[in-house]
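Reviewing the structure listed below.
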Amino acid sequence: MTALQAGLRLALIGCALSVQAAPAFALSRSFKCAFDPGSDAIDSRCERVLSRYVEYWTQLRDGRLPAWPGPGLAPPYTITRIEVGGHADGAEATRGLATVGELRARAVGEWLIGAGIPREYVIVSGYGARQLLVPTQPHEAEPQNRRVEIVSR
């Protein structure tokens with residue numbers, strides 16, 4: 001691998017922020033949890049995502065993740081904050097449910113705290129329909145926009 005290829009690979013890794021915790025088990029530093037329309041209920045799909053995140057966080061905290069596939073990025077890694085951002089789609093916002101994003105973020109934050117992540121690490125924010133993942137018309141429903149994103153910093 002040339003130095004240019006290594007630099008590009010490192011740049012791509014910095015954008016994707018992915019880690020191999022074990023063969024064929026990739027964990028991302030950004031996790032997304034989907035929600036049903038108008039709901040902040042954490043379903044079984046979301047619980048699986050959150051459980052993977054807690055496993056990732058625990059491995060990171062305990063120094064059990066292998067080295068990043070790039071130069072100068074070696075363990076131990078540290079997380080100083082966990083940002084939990086709740087989002088709504090356009091249809092929810094026009095029905096007066098813009099705060100459902102914040103309710104989703106709070107539900108996920110409390111779930112993470114209940115799973116053992118210290119409260120002081122968790123920062124919860126609600127964005128409503130201001131940060132759409134998929135651009136839509138103001139009144140349009142879009143499942144990918146009804147989400148909570150968890151980002152470790």
Side-chain angles (χ1 to χ4, degrees), residues 9-93 95-136 141-153:
R9 184 172 184 208
L10 180 59
L12 290 173
I13 291 167
C15 292
L17 295 172
S18 65
V19 174
Q20 288 289 331
F25 185 56
L27 293 173
S28 169
R29 291 194 68 185
S30 174
F31 292 74
K32 290 183 183 69
C33 218
F35 287 83
D36 290 330
S39 174
D40 65 344
I42 296 173
D43 63 14
S44 61
R45 294 170 304 165
C46 186
E47 282 190 348
R48 283 192 298 275
V49 170
L50 297 177
S51 293
R52 281 195 344 252
Y53 179 79
V54 170
E55 181 180 343
Y56 165 77
W57 183 85
T58 303
Q59 289 177 341
L60 198 62
R61 179 198 62 197
D62 296 346
R64 292 185 283 133
L65 287 180
W68 287 66
L73 299 170
Y77 312 109
T78 58
I79 293 178
T80 58
R81 66 184 187 275
I82 300 165
E83 298 171 358
V84 180
H87 303 269
D89 68 19
E92 291 171 323
R95 290 186 319 208
L97 296 174
T99 59
V100 75
E102 184 173 343
L103 295 173
R104 289 172 177 153
R106 285 183 187 176
V108 167
E110 290 302 318
W111 194 100
L112 293 172
I113 292 164
I117 294 179
R119 184 175 297 276
E120 61 268 15
Y121 284 80
V122 180
I123 300 167
V124 174
S125 300
Y127 299 104
R130 293 188 307 267
Q131 296 180 359
L132 300 176
L133 191 61
V134 176
T136 62
E142 171 53 56
Q144 293 182 67
N145 290 332
R146 294 188 303 264
R147 71 196 189 284
V148 165
E149 292 187 36
I150 306 163
V151 179
S152 301
R153 305 257 187 229

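These numbers come from the heavy atoms of this one structure, side chains and all, not from hydrogens, waters or symmetry mates.
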Would you be so kind as to tabulate the donor-acceptor pairs closer than 3.5 Å made by side chains of residues 31-41, with sequence neighbours excluded?
unit_1: S39; atom_1: OG; unit_2: A41; atom_2: N; d: 2.9

Salt bridge (charged side-chain N to carboxylate O under 4.0 Å, His left out) contacts in which one or both residues fall within residues 141-150, not counting sequence neighbours:
D89-R146, R147-E149

Any ion pair linking R45 and E47 (charged N to carboxylate O, less than 4.0 Å)?
no

Is there side-chain contact between R52 and V49, with at least one heavy-atom pair below 4.5 Å?
yes

Close side-chain approach of H87 and Y127, heavy atoms under 4.5 Å:
yes

So, the side chain of N145 versus the backbone of A88: is there a donor-acceptor pair under 3.5 Å, distance only?
no

Close side-chain approach of I150 to L112, heavy-atom, < 4.5 Å
yes

Under 4.5 Å between any side-chain heavy atoms of I123 and I82, yes or no?
no

Answer yes if the side chains of S152 and Y53 hold a donor-acceptor pair under 3.5 Å, and no otherwise.
yes

Of all the heavy-atom pairs spanning G86 and A105, show the shortest one and how long it is.
N-CB, 3.5 Å

Any non-hydrogen side-chain atom of V84 less than 4.5 Å from a side-chain atom of W111?
no

Quick one: OH on Y121 to CZ on R61, what's the gap to the nearest 0.5 Å?
9.0 Å

Identify the two heavy atoms, one from W57 and one from P118, that lie closest to each other, and give their separation to 0.1 Å.
CH2-CD, 3.5 Å

side-chain hydrogen bond (donor to acceptor under 3.5 Å, both in side chains) against R130, all qualifying residues, sequence neighbours excluded:
none

If the condition is salt bridge (Lys or Arg N to Asp or Glu O under 4.0 Å), which residues does R48 pass it with, not counting sequence neighbours?
none

Do V122 and V124 come within less than 4.5 Å of each other through their side chains, counting heavy atoms only?
yes

Which residue pairs satisfy the salt bridge (charged side-chain N to carboxylate O under 4.0 Å, His left out) criterion with at least one member in residues 104-127, sequence neighbours excluded?
E92-R104, E102-R106, E110-R119

